[in-house]
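Written below as structure tokens is the structure these notes are about.
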Amino acid sequence: MAASAIMVPAAYAQERDSFKIAWSIYAGWIPWKYIDESGIMKKWADKYGIEVEIVQINDYIESINQYTAGEFDGVVATSMDALSIPSAGGVDTTALIVGDYSNGNDGLVMKDSSDIRDLKGQEINLVELSVSHYLLARALDSVGMSERDVTVVNTGDADIVAAFSTPGVKNVVTWNPLLDDVAKMPGANRVFDSSQIPGHIKDLTVVNTQTLADNPKLGKALVGAWFELMAEMGTDSEAGQEARAALGEASGTDQAGYEAQLAGMKMFWKPADAVAFISSDEAVEAMDSVRDFSFEKGLLGDGAPSADFVGISFPGGKTLGDTDNIKLRFDPSYMQMAADDAL
């Protein structure tokens, strides 16, 4: 999945008034659809005299690849994929918005056993090199095992639920809403989930660092629009319920179904909470674990000599990896502006 080195076209590194952001369907990212269709994005873009086009891409990895190639100014991604695709590919990327982290929405389900140790010698179906693969590594580590003790079977997310319903598939790792579907089946036991590794699977909206530097209005408009919706969506107000109902329908479920997905996430409804989290030592430790896994799986590219190959910066001057090759930046300054009501 790691992209080869791609330099951002020079045309992108300048002051502009028109931008494109790509998103794909997941509970933590689909708010961009509502922000777009409700007019919230237009309101904030107009405030700063710019245009922001919010584009849905049905293939998640392809959306990140297109961002990496310079076709979009920003994209939604997990922290692991932001590191292993654009950043490892040489595209300096800033995590502008830390929207949430998975807090139960990703999990390992076993059939007829609730002991992870029973996985020894067994097959586990999951989307290889995804956050599901990462979660499996952490689950095995929790009982002193490693991937050498099991066999991973690469299975597309569209096939996971059907596979688990067959006698030959006993173990799967997946994410919601597929996780809940699997866990309801006879004999299913949810034995490990992302609530046991809080902060490790983060949902981000990332933008090209140079584009952001040249166009701070883009950062202000995106962050302002996002947290305007979050301020309503996290409440039981009429507007909040209307938003959750619309997003449920857009997700192929209903308000209750979407709220169930939100329950498996630690949402940062307030910008100050997102800033506090990404500034914490726990956030750095989680990313350290993610980068080690990414290197072990070859996701940082063939030329990466170690997990230190790609530098990652955090608030307060904290860094991981090569400080001369910082390519993933957790910069909370725009979220802090939102917290300070300074947008």
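If you read the sequence from its start, that first residue is 1, and numbering goes on from there. Below, all heavy atoms of this structure are taken into account, side chains as well, without hydrogens, waters or symmetry copies.
Contact check for Val206 versus Thr94: no side-chain heavy atoms found under the 4.5 Å cut-off. Between Tyr258 and Glu249 the shortest side-chain heavy-atom distance does not fall below 4.5 Å. For the pair Ile124 and Leu119, the minimum side-chain heavy-atom distance is below 4.5 Å. Here the side chains of Leu328 and Met287 are in contact, with some heavy-atom distance below 4.5 Å. Proximity of Val310 to Phe295: side-chain heavy atoms (C-beta onward) are nowhere separated by under 4.5 Å. With contacts defined as side-chain heavy-atom distances shorter than 4.5 Å, the pair Lys220/Met337 qualifies. Counting only heavy atoms from C-beta outward, the side chains of Ile21 and Leu222 approach each other to under 4.5 Å.
Note that CG of Leu204 and CG of Leu96 are 10.0 Å apart. Values are rounded to the nearest 0.5 Å. Expressed to the nearest 0.5 Å, how far CE of Met80 lies from CD1 of Ile85 amounts to 8.5 Å. Distance check, rounded to the nearest 0.5 Å: CG of Leu83 to CG of Leu320 gives 10.0 Å. We find the CZ-CD1 distance between Phe72 and Ile54 to be 10.0 Å, quoted to the nearest 0.5 Å. One finds the CD1 atom of Ile61 at 12.0 Å from the CD atom of Gln66 (value rounded to the nearest 0.5 Å). For the atom pair CD of Glu62 and CD1 of Ile57, the computed distance is 7.5 Å after rounding to the nearest 0.5 Å.
Shown here are the side chain to side chain contact (heavy atoms under 4.5 Å, CB included) partners of Asn58, two or more places apart in sequence or in another chain: Gln56. Residues forming a side-chain hydrogen bond (donor to acceptor under 3.5 Å, both in side chains) with Asp149 (at least two apart in sequence, or on another chain): Lys120. Residues passing the ring pair (Phe, Tyr, Trp, His ring centres under 6.0 Å) test with Trp175: none are found, sequence neighbours excluded. Listed by chain and residue number, Ser114, Val191 satisfy the side chain to side chain contact (heavy atoms under 4.5 Å, CB included) test with Asn189 (two or more places apart in sequence, or in another chain). For Tyr134, the side-chain hydrogen bond (donor to acceptor under 3.5 Å, both in side chains) partners are His200, Ser289, not counting sequence neighbours. For Tyr60, the ring pair (Phe, Tyr, Trp, His ring centres under 6.0 Å) test picks out Trp29, with sequence neighbours left out. The side-chain hydrogen bond (donor to acceptor under 3.5 Å, both in side chains) test applied to Lys266 returns no partner, not counting sequence neighbours. Not counting sequence neighbours, the partners of Phe314 by the ring pair (Phe, Tyr, Trp, His ring centres under 6.0 Å) test are Phe330. Lys111 pairs by the side chain to side chain contact (heavy atoms under 4.5 Å, CB included) definition with Phe164, Lys170, not counting sequence neighbours. With sequence neighbours left out, the side-chain hydrogen bond (donor to acceptor under 3.5 Å, both in side chains) criterion links Ser279 to no other residue.
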Between Tyr26 and Asn176, is the side-chain contact (heavy atoms from CB on, under 4.5 Å) condition met? List the steps. CA-CA 9 Å; Tyr26 175 67; Asn176 267 329; 5.7 Å; no

Between Lys327 and Asp322, is the salt bridge (Lys or Arg N to Asp or Glu O under 4.0 Å) condition met? List the steps. CA-CA 9 Å; Lys327 288 292 186 276; Asp322 187 352; over 6 Å; no

Check against side-chain contact (heavy atoms from CB on, under 4.5 Å), Phe227 and Lys270: CA-CA 7 Å; Phe227 284 108; Lys270 298 177 181 178; over 6 Å; no

Run Arg190 and Val182 through side-chain contact (heavy atoms from CB on, under 4.5 Å) and show every step you take. CA-CA 9 Å; Arg190 192 185 309 214; Val182 165; over 6 Å; no

Show your working on side-chain contact (heavy atoms from CB on, under 4.5 Å) between Ser146 and Asp141 and close with a plain yes or no. CA-CA 6 Å; Ser146 75; Asp141 184 61; over 6 Å; no

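Asp193 and Ser195 form a side-chain donor-acceptor contact under 3.5 Å, judged by distance and modelled atom types alone. There is no side-chain donor-acceptor pair under 3.5 Å between Glu123 and Asn171. Side-chain contact annotation: Thr68 with Asn65, donor-acceptor N/O pair under 3.5 Å absent.
Under 4.0 Å is where a charged nitrogen must lie from a carboxylate oxygen, and between Asp214 and Arg16 no such pair does. The pair Arg244-Glu259 counts as a salt bridge, with a side-chain nitrogen and a carboxylate oxygen less than 4.0 angstrom apart. Between Asp36 and Lys42, no side-chain nitrogen of the basic residue sits less than 4.0 Å from a carboxylate oxygen of the acidic one, so the salt-bridge criterion is not met.
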Sequence neighbours left out, cut at 3.5 Å: what donor-acceptor pairs do the side chains of residues 296-303 make with other protein atoms?
{"unit_1": "Lys297", "atom_1": "NZ", "unit_2": "Glu147", "atom_2": "OE1", "d": "2.6"}
{"unit_1": "Lys297", "atom_1": "NZ", "unit_2": "Glu147", "atom_2": "OE2", "d": "3.2"}

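No donor-acceptor pair closer than 3.5 Å links the side chain of Asn215 to the backbone N or O of Lys217. Proximity of a side-chain donor or acceptor of Asp73 to a complementary backbone N or O of Thr211 within less than 3.5 Å is not detected. Remark: side-chain polar atoms of Thr235 are paired, donor with acceptor, to backbone N or O of Ser237 under 3.5 angstrom. With Thr209 contributing its side chain and Asp92 its backbone, the two residues share a donor-acceptor pair below 3.5 Å. Side-chain atoms of Arg329 never come within 3.5 Å of backbone atoms of Asp331 as a donor-acceptor pair (strictly under, hydrogens ignored). The closest donor-acceptor contact from the side chain of Ser194 to the backbone of Ile197 lies at 3.5 Å or more, if one exists at all. Asp100 places no side-chain N or O within donor-acceptor distance of the main-chain N or O of Met267, the cut-off being under 3.5 Å. No donor-acceptor pair under 3.5 Å is formed between the side chain of Thr174 and the backbone N or O of Leu179.
Within a 6.0 Å sphere centred on CD of Gln122, heavy atoms belonging to other residues, nucleotides or ligands number more than 12.
Criterion: ILVMFWY side-chain heavy atoms under 4.5 Å apart, direct or through other members. Under it, Ile326 and Ile278 are not part of a common hydrophobic cluster. Met185 and Ile160 fall within the same hydrophobic cluster, where Ile, Leu, Val, Met, Phe, Trp and Tyr residues are linked whenever their side-chain heavy atoms come under 4.5 Å apart, directly or through other members.
A side chain to side chain contact (heavy atoms under 4.5 Å, CB included) with Gln210 holds for exactly one of Asn208, Leu212, Val207; it is Asn208. Checked options Val290, Leu136, Asn105, Asp106; the residue passing with Val131 is Asp106 (criterion: side chain to side chain contact (heavy atoms under 4.5 Å, CB included)).
A cation-pi arrangement is absent between Lys202 and Tyr101 under the rule of less than 6.0 angstrom and at most 45 degrees off the ring axis.
Between Phe277 and Phe268, a ring centre-to-centre spacing shorter than 6.0 Å is recorded.
Residues in residues 334-343 take part in these side chain to side chain donor-acceptor pair (under 3.5 Å) pairs, two or more places apart or across chains: Gln336-Asp340.
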